[in-house]
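Working notes, structure below.
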Amino acid sequence: FIVIPADSCASLMSSIPIVNKLFNVHYKVGKGAFSSVFLATLKSSDGRKKFALKQLIPTCHPDRIRRELQYLQQIGGKDYIVGLELCLRHCSSVVFVMPYMRHDRFAEYVQDMTVDESKDYIRALLTALRRVHKFHIIHRDVKPSNFLYDRKNRRYLLVDFGLAQEYHIEKNITSRESVEAHGTKRKRSNENNVSLQPDVAKRNMNKCNCFGKSKVCVICLKEPQQQAPRAGTPGFRAPEVLLKHVMQTSAIDIWACGVIMLCILSGSQPFFRSPDDCTALAEITTIFGSKEVQKCAQKLGKKVIFSENLPGMDIKSLCIKLKQRNKSMMYDIQNSIHKVPSDIEYPKEAYHLLMKLLDLDFRTRITAEQALAHPFLSL
Ligand code: ADP
Ligand code: MG
């Protein structure tokens, strides 16, 4: 009686027998919440071409698998987006066969990327996102472990469309209008599969007087929970996701790209630790200040209360300070000045772009197309 670990090469080969017929599976190269990824080569070839076999966990919802497969087929294989070679299924087991790309760990390069290297990296990520967004698809999980970087060969690959979803823009509707015109909007949005619910707090304003107070009254507690998509990774969630705004767009990927750029410019990762959405909002507030976050919330028809007024920070000096601190920490660890990266000074355009990516208001946040034309990347 042999126990085969559920995420081992042996388990992959036993759950989908054809994998064993076609491939030599070498070892596991990655593991996410919903899959295990293995390096494999074709038995019928000289073994030089490498493949990544992504085995989805059997409890993965079929809709999720269908969407990931559909998006990979639709947009993959171009502009630094991973392509799909084959999809194999046996009973409830599914495997995506994709080209393999060796890659480095973010923690290993985030501290010492040069300005030119950072430009190339961010440009590649935005090029991939521009293509994703052209198809009206939100990736929803942009983060370093889903944007692979082969430092030696300067290659990039956006992977993992497991949380991706299509979105529809309702043009010229502000959140206030959507709340006010809620009757008609809800009907229309249902056709688009987006539910636009009135803001609970606003609705209750007329019925009770707890609005804006820290204690929620009984009437409000009985109200149905507001439903808004929040799939993604803590630390990379945009303000509109944290504030449960129902209408989410491709701008949430741009925010995540901004967080990655913040990590690079400050040489820190993770930048936001965010154990929960409330703490995530507090972390964002520490940087942007309570007034700005309140303004952003108001535009989304929400109200956020802070126990005290927090001033915002100057992002540029924060990044420089953090980079300096991390550098001295590296010196302590390695005890060798030769291994410490030299001072990397980013031009002011870099911080300008960073602020555009991290615009709290998703309606004015820069798009991938616009960001690619920004002086930091285009010059
Ligand atoms: P999950 O949905 O479980 O997060 P991913 O698609 O993100 O799965 O894959 C998990 C990890 O596997 C990635 O972070 C990466 O390290 C590795 N990986 C995924 N695709 C490839 C690929 N095409 N080439 C090399 N490694 C890959
Ligand atoms: Mg992943």
Side-chain angles (χ1 to χ4, degrees), residues 5-9 11-12 15 19 23-42 47-88 93-110 121 124-125 128-129 132 137-165 231-237 252-253 256-257 259-260 263 269-270:
D7 56 356
S8 63
C9 298
S11 146
L12 166 65
S15 54
V19 167
F23 295 99
N24 287 316
V25 182
H26 302 283
Y27 52 86
K28 187 153 76 182
V29 288
K31 188 170 162 50
F34 298 96
S35 74
S36 295
V37 179
F38 301 89
L39 170 70
T41 46
L42 269 176
R48 263 194 290 186
K49 180 157 184 196
K50 292 176 177 163
F51 295 90
L53 269 50
K54 175 167 175 170
Q55 182 185 27
L56 298 150
I57 56 165
T59 48
C60 223
H61 195 284
D63 265 351
R64 191 193 147 107
I65 301 174
R66 181 191 53 78
R67 274 204 306 269
E68 183 165 4
L69 180 61
Q70 182 193 323
Y71 299 151
L72 283 172
Q73 279 182 310
Q74 210 178 344
I75 60 178
K78 240 182 118 175
D79 287 346
Y80 314 112
I81 301 169
V82 71
L84 184 76
E85 306 263 357
L86 193 65
C87 176
L88 301 168
S93 296
V94 176
V95 162
F96 296 147
V97 179
M98 303 168 288
Y100 169 84
M101 191 186 91
R102 73 154 295 280
H103 52 281
D104 297 276
R105 285 182 50 233
F106 191 54
E108 277 162 17
Y109 57 80
V110 69
Y121 177 95
L125 175 53
L129 290 179
V132 176
I137 291 166
I138 320 178
H139 183 282
R140 284 208 84 98
D141 204 13
V142 172
K143 57 178 177 180
S145 63
N146 287 337
F147 184 58
L148 315 182
Y149 176 35
D150 171 358
R151 201 172 191 189
K152 201 169 108 209
N153 302 303
R154 292 286 173 106
R155 293 175 70 213
Y156 314 88
L157 204 61
L158 181 67
V159 300
D160 196 357
F161 284 75
L163 296 179
Q165 58 177 202
T233 300
F236 293 89
R237 284 197 186 114
I252 70 169
D253 290 343
C257 173
V259 176
I260 296 180
C263 294
Q269 76 83 41

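In listed order, ligands and their atoms are each counted from 1.
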What is the number of protein N/O/S atoms located under 2.8 Å from the Mg ion (ligand 2)?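 There are 2 of them.
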Pairwise side-chain hydrogen bond (donor to acceptor under 3.5 Å, both in side chains) hits with a residue in residues 56-66, at least two apart: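 Passing the test, one end in residues 56-66: Arg66-Gln70.
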Looking only at atom types and distance, does a side-chain atom of [X] sit under 3.5 Å from a main-chain N or O of [Y], one as donor and one as acceptor?
| X | Y | value |
| --- | --- | --- |
| Arg67 | Gln165 | no |
| Arg237 | Gly232 | yes |
| His139 | Val159 | yes |

With a 6.0 Å cut-off on ring centres, are Tyr121 and Phe147 close enough?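 Close enough - the centres of the two rings lie under 6.0 Å apart.
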May I ask you to check whether Phe51 and Tyr100 place their ring centers less than 6.0 Å from one another?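 Ring-ring flag for Phe51/Tyr100: false, centres at least 6.0 Å apart.
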Closest non-hydrogen atom pair, Phe236 against Ile260: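 The pair with the smallest heavy-atom distance is CE2-CG1, 3.9 Å.
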Contact summary for Phe96 and Leu69, nearest pair of heavy atoms: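 Looking at all heavy atoms of both residues, the closest pair is CE2-CD1, 3.8 Å.
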Contact table ligand 1 N or O to protein N or O, d under 3.5 Å:
| residue | atom | partner | partner atom | Å |
| --- | --- | --- | --- | --- |
| ligand 1 | 2 (O) | Lys54 | NZ | 3.1 |
| ligand 1 | 2 (O) | Asp160 | OD1 | 3.0 |
| ligand 1 | 2 (O) | Asp160 | OD2 | 3.0 |
| ligand 1 | 3 (O) | Gly32 | N | 3.4 |
| ligand 1 | 3 (O) | Phe34 | N | 3.4 |
| ligand 1 | 3 (O) | Ser35 | N | 3.2 |
| ligand 1 | 3 (O) | Ser35 | OG | 2.7 |
| ligand 1 | 4 (O) | Asp160 | OD2 | 2.9 |
| ligand 1 | 6 (O) | Lys54 | NZ | 2.7 |
| ligand 1 | 7 (O) | Asn146 | OD1 | 2.9 |
| ligand 1 | 7 (O) | Asp160 | OD2 | 3.0 |
| ligand 1 | 8 (O) | Ser35 | OG | 3.0 |
| ligand 1 | 8 (O) | Lys54 | NZ | 3.3 |
| ligand 1 | 14 (O) | Ser145 | O | 2.7 |
| ligand 1 | 16 (O) | His103 | NE2 | 2.9 |
| ligand 1 | 23 (N) | Pro99 | O | 2.9 |
| ligand 1 | 24 (N) | Met101 | N | 3.0 |

Quick one: salt bridge (charged side-chain N to carboxylate O under 4.0 Å, His left out) pairs with a partner in residues 52-61, sequence neighbours left out?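 Salt bridge (charged side-chain N to carboxylate O under 4.0 Å, His left out) check on residues 52-61 returns Lys54-Glu68, Lys54-Asp160.
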